[in-house]
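Heads up, the thing below is written out as structure tokens.
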Amino acid sequence: MPIKLQKDTEKYLLVSIKRFVAENMDAEIGDLKASLVLEFCVREIGPSIYNQAIADAQVFMKEKVADLGS
């Protein structure tokens, strides 16, 4: 299932990607290239980050539930 970003989030991230490239690679990119980078990150990196966040939340919740039993 593909990740769909909200429009405001997508706009923010596109600006952020363009700023990153300008500051760190001494290059300017347009909306199309920034969109391609964002699409790649969401498709390739997003699921790993999401899965790690879920795993971290599960550990956190298990610890909190265990504290209730103490």
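All values derive from a computational prediction rather than experimental measurement.
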Gap between atom CD of Glu63 and atom CD of Gln58 - 0.5 Å precision
12.0 Å
Please write out which residues are connected to Phe60 in a hydrophobic cluster, directly or through intermediates, given that two of Ile, Leu, Val, Met, Phe, Trp, Tyr count as joined at side-chain heavy-atom separations below 4.5 angstrom.
Met61
Are Leu38 and Leu5 close enough, and set up right, to give a side chain to side chain contact (heavy atoms under 4.5 Å, CB included), and what steps lead you there?
CA-CA 10 Å; Leu38 179 57; Leu5 300 173; 4.1 Å; yes
Check the hydrophobic clustering (I, L, V, M, F, W, Y; side-chain heavy atoms under 4.5 Å; chains of links allowed) and say if Ile45 and Ile17 are grouped together.
no
Identify the heavy atoms of Glu28 and Ala22 that sit nearest to each other, and give their distance.
OE2-CB, 3.7 Å
Heavy atoms of other groups near Lys33 NZ, more than 12 under 6.0 Å
no
For atom CD of Gln6, decide whether the heavy atoms of other residues, nucleotides or ligands shown that lie under 6.0 angstrom number more than 12.
no
Membership question, hydrophobic clusters at under 4.5 Å side-chain separation (ILVMFWY): are Leu14 and Phe20 in the same one?
yes
Could you give the distance from NZ (Lys11) to CG (Asp31), rounded to the nearest 0.5 Å?
11.0 Å
State yes or no: do Met25 and Leu32 share one hydrophobic cluster built from I, L, V, M, F, W and Y residues joined by side-chain heavy-atom distances below 4.5 Å, directly or via other members?
no
Between Ser16 and Tyr12 (side chain of the first, backbone of the second, donor and acceptor by atom type, cut-off under 3.5 Å), is there such a pair?
no
Minimum heavy-atom distance Ala34-Lys18, with the two atoms named
CB-CG, 3.6 Å
Linked, directly or transitively: Ile3 and Leu13 (ILVMFWY side chains, under 4.5 Å)
yes
